[in-house]
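Notes to accompany the following structure.
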Amino acid sequence: MLLELKKLIEANPLFRDKLNFPLLKPSRLRTLINQSLNWQHQLCKNPRPNPDIKTLFVDHTCGPQNGARAPTPVTNPLGGLPKGGTFPPLAHGPFPATTAAASAGALAGWMANANPAASLPVVAPGSAVLAAPSNQAAAAALLKRPRTPPGSTSLDYQSADSEHIMKRVRPGVDEVSYPVGGAPSHPSPIPMYSPEELPKTVARTFNQGSCVMSLDFHPIQQMLLLVGTNIGDIGVWDVAMKERLAYRPFKVWDLSVCTPTLQANLLKEAAVSVNRCVWSPDGSFLGAAFTKHIVHIYSYTGGNELRPQLEIDAHIGGVNDLAFAHPNKQLCIITCGDDKTIKVWDAINGRRQYTFEGHEAPVYSVCPHHKENIQFIFSTAIDGKIKAWLYDHMGSRVDYDAPGQWCTTMAYSADGSRLFSCGTSKDGESFLVEWNETEGKIKRTYLGFRKRSLGVVQFDTTRNHFLAAGDDFHIKCWDMDNANLLTIIDADGGLPVNPKLRFNKDGYLLAVTTNDNGIKILANAEGLRLLRAIESRADTRVFEPIRTPAEVLTSKPLVVNSMVGVNAMSGPSSSSAVSDRVSPAVSVVGLAAMESNISVDVKPRVEEPVDKAKAWKLTEITEANQCRTIRLIDNLPASKVSRLIYTNAGTALLALASNAVHKLWKWQRNERNPSGKAMAAIAPQLWQPASGILMTNDTNDANPEEAVPCIALSKNDSYVMSASGGKVSLFNMMTFKVMTTFMSPPPAATFLAFHPQDNNIIAIGMEDSTIHIYNVRVDEVKSKLKGHTKRISGLAFSNALNVLVSSGADAQICVWSIEGWEKRKSKILQPQVGRALSTSGDTRVQFHNDQVRFLVVHESQLAIYDAAKFDRIRQWVPRDSLSAAISNATYSCDSQLVYASFCDGSVGVFEGESLRPRCRLAPSVYLSPGVSTVYPLVIAAHPGEPNQFALGLTDGGVQVVEPLESEGRWGTAPPPETAVNGVMSVMPSNAPNSEQATR
């Protein structure tokens, strides 16, 4: 039983890589059960001798003895234990802690030890208050829960950080035997990681032209660096290509809606500095906080375009920090400022959702985070106070003093399991510490700072191993598990006294500021190899055109005055990820004088545009050795692949064949692939459970080859919902067993989509053109949507806009409100000029990462629409070398590319923003010579690797394709012109639109 239990736990993706199982001897399970029973009886309010405990599933309670008065509750942990069931002596320490113990009571210790005199001021509501999540009341109660049970005041639970557990006497019991790498019999120091993993070699040097105040690497395209300066400029640098892609000087977009205070300040002194600039977690947005009132939010889809999205008049005085968070499954912007407040803003419309008041000094930094489903924010002020807030109106849950009691920033490790803070006192003494969240106390203080810093020290974390801080003209690094300095990096000199620094996500690059208004990029061995690979590729092919600064859009961005609300809207965007790792690099107004690296402001020179349209041509890949590709091994009967999806973890591929059978390929973790991610260089295994059963859909005695299959995967990869003309089946991905079936035909289900906010709600497109909103929990259709005339072929939710977009075989697109499920708008696709639109093929839809734009795929065209305005932005129709009918298409995981498969076997790679083709893969890349009738029916994009995709073929094969490692990406971007060689490749957004619109 123990082995089966271990297998079941290890197979659950929620626990993957988080548990370290010891080897247990046969008697150990009985010992643990006895210990649990004894512990229950010790906590019993009415303990009786020889208790009759029948189950471990509920807490044990002894009843009163024949109505007599119950004995006094146990107060001695040892004296209340039955002699026959005492705890055995444990020769080892506690079990190895998990890497990220997500405790809903993470703040409980802070709350228990907080200053008793801390006040809880009322939180001022915003102009439009966001509904608090249903678990907030429970979360608040949890934070205030006492740490010992009532009536047992002398009992104290052992925390996860305990170095020992209470000893009990019971000789002759078999104990735990830990495997190699498990917990040792005697405590021993945790080995330090090698300093060679840190980026130390100067690989790039850039001249920004003005003093750099804030840095942040793109979370997905990790060679892109965002920079903010002391004159308000922001820029995006391509580190690999040594060029600046985008640049924006500071400018108030609409002064007329700004507060009178801001208008007066700008007239008095126009100089504005960036305090903080940061990417959203998926890199589709970037935000900049300025020293005067303002926050700017831009969308970024690659290249040289920074699209203005939001301008918020956020705070009176400076905006000292900015972060993205995702409370209530809705992207928000968190800011803090000189007005002593923290504010939460809706990232879509810019409305203020919460205002947190309680600090008595300007707020210096914010650090949003979550434990399980509990979302909270840490904040620090320049008086050294640390406070914590839930997204409610109950005030601060924590009131602590930070070491140094002045300017402090907080940040979690990348996996969210460890909390650090770094700060400097007014006397220049710096402190870098790790906090024990359970107790709300300092766990470790790191040593090695100079005695008197001349500015505020800033820090960052990387790889869950290292800490780095800029101090004394150097970069000082620590192993997280050792208080002593690990190494010091001088970066070939030229650093300011307190350089600002930032690691990229994987930790192979480190950006650091210089004292001559520049930036140095440091790399480790892995980073140098990647940079050299991209350089060698650039040396052997024609460069893409030099990018020019993005032009200001003709559409007006959303401008928000925090006092009066929203002024104008132009379809702002959103993101779907959470930014938990925050290590801001900001300076409060008035502290800038301490920054010794500020020099004379020099406006950076922006390159003049160079026309290289004639030098560019579409990249053609015609042979297998020009990319990396692998056909997945398959010993099951071949049948064309109708649907294909990656698991959300990116470690497996799931295919649904036309014979209603599912196939699952898993990549194994090994030395060549330590992450276990899908890749073309390593063959995965066709996985089946020990039972040997197949995941086979119900077919309702119909021919599955003629059915329209559909499939949807749960967010944690545990369950898959699927149909092939019969009932909808819910499968367990670990056992392949059918959990339940529902929605018997007719009509048959033709498309499935999970509701983004509730996995129990499913939108089911039907063969009879209706859409059923089905509640799995109560087995009931809540709503039935009617608007199409043929079967539903596509469904996509926008969590940002609260809409459902549907598409059908009638070439029609409909937008439905999620709140009332009423139809808002509908539109028929525009046919290619001179041709009738085919209504026999399917139309599919998929939302961009910004959750506002969406991709439309039809056999005759690709198109991008704005869901907020319901306007078409771009359109591409097959032509030239990509002239066959489109079989399928999808966004890459970062929405920077669109992958499209064609009925002649070709695959096209397009720019995600403009739909301009940048690369074509011929069928000969993945097919044997002489095979001309096989082509991809479906194409899937890897959820974490933007340049990897998979093809599901008509012959039943599945192919994974990636560019060569030396290339790094698919082709080069086309020139900005909309016509190449006289041929219009993309219809611009301002082209005439003659689509038929209906309501």
Side-chain angles (χ1 to χ4, degrees), residues 218-222 281-284 301-302 575-577 621 627-630 632 641-656 664-665 667 675 677-681 684 711-713 715 717 720 753-754 794-797 844-851 853-857 862-864 876 882 886-902 906-915 917-921 925-926 936-953 957-963 967-971:
H218 195 284
I220 297 177
Q221 300 183 58
Q222 297 185 46
D282 65 353
S284 60
T301 54
S575 165
S576 59
I621 297 178
C627 63
R628 292 176 291 175
T629 180
I630 185 173
L632 306 191
V641 179
S642 301
R643 296 292 180 264
L644 183 68
I645 54 175
Y646 283 91
T647 57
N648 294 296
T651 58
L653 262 172
L654 178 64
L656 173 57
L664 179 66
W665 289 270
W667 275 259
S675 67
K677 298 291 186 182
M679 58 173 57
I711 191 169
L713 192 63
K715 293 178 182 178
D717 296 332
V720 62
F754 283 101
L795 294 169
F797 282 97
R844 298 178 180 87
V845 289
Q846 179 190 8
F847 267 98
H848 186 281
N849 280 354
D850 65 13
Q851 293 282 289
R853 290 169 288 175
F854 62 91
L855 175 69
V856 176
V857 183
L862 300 174
I864 297 176
W876 180 89
L882 295 170
I886 302 168
S887 60
N888 198 233
T890 183
Y891 274 122
S892 62
C893 63
D894 59 0
S895 298
Q896 301 297 307
L897 301 174
V898 171
Y899 297 114
S901 57
F902 295 81
S906 299
V907 176
V909 183
F910 298 78
E911 290 280 300
E913 178 73 13
S914 63
L915 290 182
R918 60 185 292 155
C919 182
R920 174 185 176 271
L921 287 78
V925 170
Y926 61 89
L937 269 180
V938 288
I939 189 167
H942 190 282
E945 296 294 334
N947 290 295
Q948 183 187 132
F949 61 88
L951 303 172
L953 307 178
V958 173
Q959 203 88 17
V960 175
V961 189
E962 291 180 290
E967 301 287 323
R969 53 185 173 181
W970 295 108

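FYI, side chains are in, hydrogens and waters are out, and symmetry mates aren't considered; it's all heavy atoms of this structure.
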Is any side-chain heavy atom of [X] less than 4.5 Å from a side-chain heavy atom of [Y]?
X	Y	answer
Val907	Phe949	yes
Val961	Cys627	yes
Asp717	Asn648	yes
Leu862	Val857	yes
Trp970	Ile621	yes
Tyr891	His848	yes

Would you find a donor on one side and an acceptor on the other, under 3.5 Å apart, between the side chain of Thr647 and the backbone of Ala652?
->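 Present.
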Do any N or O atoms from the side chain of Gln948 and from the backbone of His942 form a donor-acceptor pair under 3.5 angstrom?
->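 No; zero donor-acceptor contacts below 3.5 Å.
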Using the ring-ring contact (aromatic ring centres under 6.0 Å, His included) criterion, which residues pair with [X]? Sequence neighbours excluded.
X	result
Phe797	His755
Tyr926	none
Phe854	Phe847, Tyr865

What closest approach, in Å, do [X] and [Y] show between heavy atoms, and which atom pair accounts for it?
X	Y	value
Ala950	Leu653	CB-CD1, 3.8 Å
Trp665	Pro684	CB-CG, 3.9 Å
Thr301	Arg853	CG2-NH2, 3.3 Å
Gln846	Thr890	OE1-OG1, 3.1 Å
Ala712	Phe754	CB-CE1, 3.8 Å

Working for side-chain contact (heavy atoms from CB on, under 4.5 Å), residues Leu882 and Ser906 = CA-CA 7 Å; Leu882 295 170; Ser906 299; 4.1 Å; yes
Identify which one of Val909, Asn947, Val898, Leu897 satisfies the side chain to side chain contact (heavy atoms under 4.5 Å, CB included) criterion when paired with Ser892.
->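 Exactly one pass, corresponding to Leu897.
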[atom2] on [Y] to [atom1] on [X], rounded to 0.5 Å:
X	Y	atom1	atom2	answer
Gln959	Leu632	CD	CG	7.5 Å
Ile220	Asp894	CD1	CG	5.0 Å
Ser895	Leu855	OG	CG	9.5 Å
Leu921	Tyr899	CG	OH	9.5 Å
Glu911	Cys919	CD	SG	11.5 Å

Go through the structure and list residues passing side-chain contact (heavy atoms from CB on, under 4.5 Å) with [X], not counting sequence neighbours.
X	result
Cys893	Pro946
Ala940	Leu644, Tyr646
Ile645	Leu654, Ile711, Leu713
Ser901	Ser887, Asn888, Pro936, Ile939

Residues in side chain to side chain donor-acceptor pair (under 3.5 Å) with [X], at least two apart?
X	answer
Ser642	none
Gln221	none
Arg628	none
Glu945	none

List in chain and number order the residues that pass salt bridge (Lys or Arg N to Asp or Glu O under 4.0 Å) with Arg844, two or more places apart in sequence or in another chain; answer none if no residue qualifies.
->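 If we apply the salt bridge (Lys or Arg N to Asp or Glu O under 4.0 Å) test to Arg844, skipping adjacent residues, the hits are Asp842.
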Please step through side-chain contact (heavy atoms from CB on, under 4.5 Å) for the pair Arg918 and Arg969, ending with a clear verdict.
-> CA-CA 10 Å; Arg918 60 185 292 155; Arg969 53 185 173 181; 4.1 Å; yes
